[in-house]
Amino acid sequence: MIKPDAVEKGHIGAILSKINTSGFRIVSMKMTQMSKRDAELFYAVHKERPFFGELVAFMSRGPIVAAILEKENAVDDFRTLIGATNPKEAAEGTLRKQFATSVGENAVHGSDSDENAALEGAFHFSGREIF
Ligand code: CMP
């Protein structure tokens, strides 16, 4: 997902361009907005964390771009491309280094496993929207 902070700042095109030139194939994509309930469900794994309320408010405050990406070793390679959760720790050349402002408002989300990628893809897209 391209998160609300990056959409608000007009970074959709730059982020998609970097994703494409890094060898990912976009097989599904849409601009959408998560309700509070959607964000609570999407991030249910974090519901006991102190930042959960902040995370849900942030992720539902404006539109996002959701996408499913394909590539050999996609999960690890995408996590390398986006960089550390905290942009202060993100490596030079990563999306979070370039576009994120804080650990909460960190521009991009990437799935942490193939299993979660399948669940998160199904959260946003129906079978007819996956190419
Ligand atoms: P993401 O990769 O989408 O997965 C969980 C999100 O929780 C993470 O990116 C951050 O946006 C958010 N998050 C993680 N740690 C913190 C924190 N300490 N304070 C606020 N938000 C956080």
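Along the sequence shown, residues carry numbers from 1. One-based numbering, in listed order, for ligands and for the atoms of each. Remember, predicted model here, so these are calculated numbers, not experimental data.
A distance of 10.5 Å separates OG of S22 from CG of L69, quoted to the nearest 0.5 Å. Separation of atoms OG1 (T101) and NZ (K88) is listed at 9.5 Å; rounding is to 0.5 Å. Taking CD of E105 as the reference point, atom CZ of R61 lies at 4.0 Å (rounded to 0.5 Å). Note that CD1 of I82 is 7.5 Å distant from CG of N106, once rounded to the nearest 0.5 Å.
Counting protein heavy atoms only, atom 5 (C) of ligand 1 is closest to H46 NE2, 3.4 Å. Protein heavy atom at the shortest distance from atom 13 (N) of ligand 1 is F51 CE1, 3.5 Å. Closest to atom 10 (C) of ligand 1, if we only count protein heavy atoms, is V103 O, 3.3 Å. Looking only at heavy atoms of the protein, atom 2 (O) of ligand 1 is closest to R96 NH2, 3.2 Å.
Ligand 1 has no nitrogen or oxygen under 3.5 angstrom from a nitrogen or oxygen of T85. In terms of N/O distances under 3.5 Å, ligand 1 is not approached by E54.
Within 6.0 Å of NZ on K36 lie no more than 12 heavy atoms contributed by other residues, nucleotides or ligands.
At least one heavy atom of Y43 sits closer than 4.0 Å to an atom of ligand 1. Not a single heavy atom of R79 sits less than 4.0 Å from an atom of ligand 1. Within the structure, ligand 1 has K3 among the residues with a heavy atom less than 4.0 angstrom away.
Cluster partners of L41, using a side-chain heavy-atom cutoff of under 4.5 Å among ILVMFWY residues and allowing indirect links, are M1, M34, F42, Y43, F51, F52, L55, V56, F58, M59, I64, F123. Side-chain contacts under 4.5 Å among hydrophobic residues (ILVMFWY), followed directly or transitively, place F125 together with V27, I68, I130.
Of all the listed residues (D112, I82, L55), L55 holds the heavy atom that lies closest to atom 12 (C) of ligand 1.
Residue R49 does not touch ligand 1, judged by heavy-atom distances below 4.0 Å.
Donor-acceptor pairing under 3.5 Å is lacking for the side chains of S17 and N20.
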